[in-house]
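Atoms within each ligand, like the ligands themselves, are counted from 1 in listed order.
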Amino acid sequence: MLELKNISFEVEAEKDTKGILKDISLKLDDNKFIAITGPNGGGKSTLAKVIAGIEKPTSGRILLDGEDITDLGITQRAKLGISYAFQQPVRFKGVTVLDLLRLAAGRRISVMGACEYLSEVGLCARDYINREVNASLSGGELKRIEIATIIARGTKLSVFDEPEAGIDLWSFQNLIKVFEKLHEEIHGSIMIISHQERILKIADEIVVIAAGRIAGHGSGAKILPELLNQPEGENCKFYQ
Ligand SMILES: Nc1ncnc2c1ncn2[C@@H]1O[C@H](COP(=O)(O)OP(=O)(O)OP(=O)(O)O)[C@@H](O)[C@H]1O
Ligand SMILES: [Mg+2]
């Protein structure tokens, strides 16, 4: 179980400090599919980075299975089973797609095995397996390769930041299937940051983050209708 206790994250602004995350407390149970949503700039990516160890909270504690991991870096957290897919994935010059999948899996997966992960995210594996993860890959290709690496890792907690970003409509249908499958076979928890109704629909729990705070948290069945059934012209109650 991942537990966030009174997490705040502040940055130095011109005159004073700016609160990006404000006193967030959240318990995420094991083997759950959790969607995080909310308005642009609300703090979702920052929260994901704080969980992955990319940003350090200004105050508050993070516990993984009761162990305090607040002071651990990205690598140590990755070893404990937290993996993170960026909203804008990173390119790795000189590393092939096959290398990256093997690195992610942490074991010597066969070329066939690697190809299966690529096929799952809709890439024709033989075209990609020996390509370098560099600027020659399109945004959508890179995003899918990153999703394949997270699936290959199959860790305790996988965090995906807007996996749908930059993915074309046709591939989006397949991406939904990938996540549905992950949901069915769930080993460990999956946290997906998304604005897409179809992704929110398959979540066990939805957390709404707005203006750095938790504006709503509950079962998908409870939160989704509240997010969707807003009379026209009225602000969503979560988004004020
Ligand atoms: N290091 C930083 N310095 C200054 N401002 C920051 C920093 N990191 C994040 N912010 C600001 O904090 C707010 C939250 O950013 P964040 O990326 O977490 O939003 P988000 O909810 O992921 O938004 P989106 O839906 O657009 O991806 C934004 O206003 C952003 O500009
Ligand atoms: Mg974001």
Is the closest side-chain donor-acceptor distance between Glu164 and Ser194 under 3.5 Å?
yes

Distance-only side-chain donor-acceptor flag, Ser83 / Thr155, under 3.5 Å:
yes

What heavy-atom pair brings Arg144 and Ser171 nearest, and what distance separates the two atoms?
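Closest pair (atom of Arg144, atom of Ser171, distance): NH2-OG, 3.0 Å.
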
Output block, N or O contacts of ligand 1, threshold 3.5 Å exclusive:
residue, atom, partner, partner atom, Å
ligand 1, 18 (O), Ser45, N, 3.4
ligand 1, 18 (O), Thr46, N, 2.9
ligand 1, 18 (O), Thr46, OG1, 2.5
ligand 1, 19 (O), Gly43, N, 3.4
ligand 1, 21 (O), Gly42, N, 3.2
ligand 1, 21 (O), Gly43, N, 2.9
ligand 1, 21 (O), Lys44, N, 2.9
ligand 1, 21 (O), Lys44, NZ, 2.7
ligand 1, 22 (O), Ser45, N, 2.9
ligand 1, 22 (O), Ser45, OG, 2.9
ligand 1, 23 (O), Gly41, N, 2.8
ligand 1, 25 (O), Asn40, ND2, 3.0
ligand 1, 25 (O), Lys44, NZ, 2.8
ligand 1, 25 (O), His195, NE2, 3.3
ligand 1, 26 (O), Asn40, ND2, 3.1
ligand 1, 27 (O), Gln87, OE1, 3.3
ligand 1, 27 (O), Gln87, NE2, 3.2
ligand 1, 27 (O), Glu162, OE2, 3.4

Spacing of CD1 belonging to Ile206 relative to CD1 belonging to Ile34, to within rounding of 0.5 Å
11.5 Å

Polar side-chain atom of Glu141 near backbone of Ser138 as donor-acceptor pair, under 3.5 Å:
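Flag set: sc Glu141 to bb Ser138 pair under 3.5 Å.
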
Verify the distance test for Thr46 against the Mg ion (ligand 2): any N/O/S atom under 2.8 Å, yes or no.
no

Taking it one step at a time, do Asp161 and Lys49 satisfy salt bridge (Lys or Arg N to Asp or Glu O under 4.0 Å)?
CA-CA 10 Å; Asp161 196 350; Lys49 286 178 191 161; over 6 Å; no

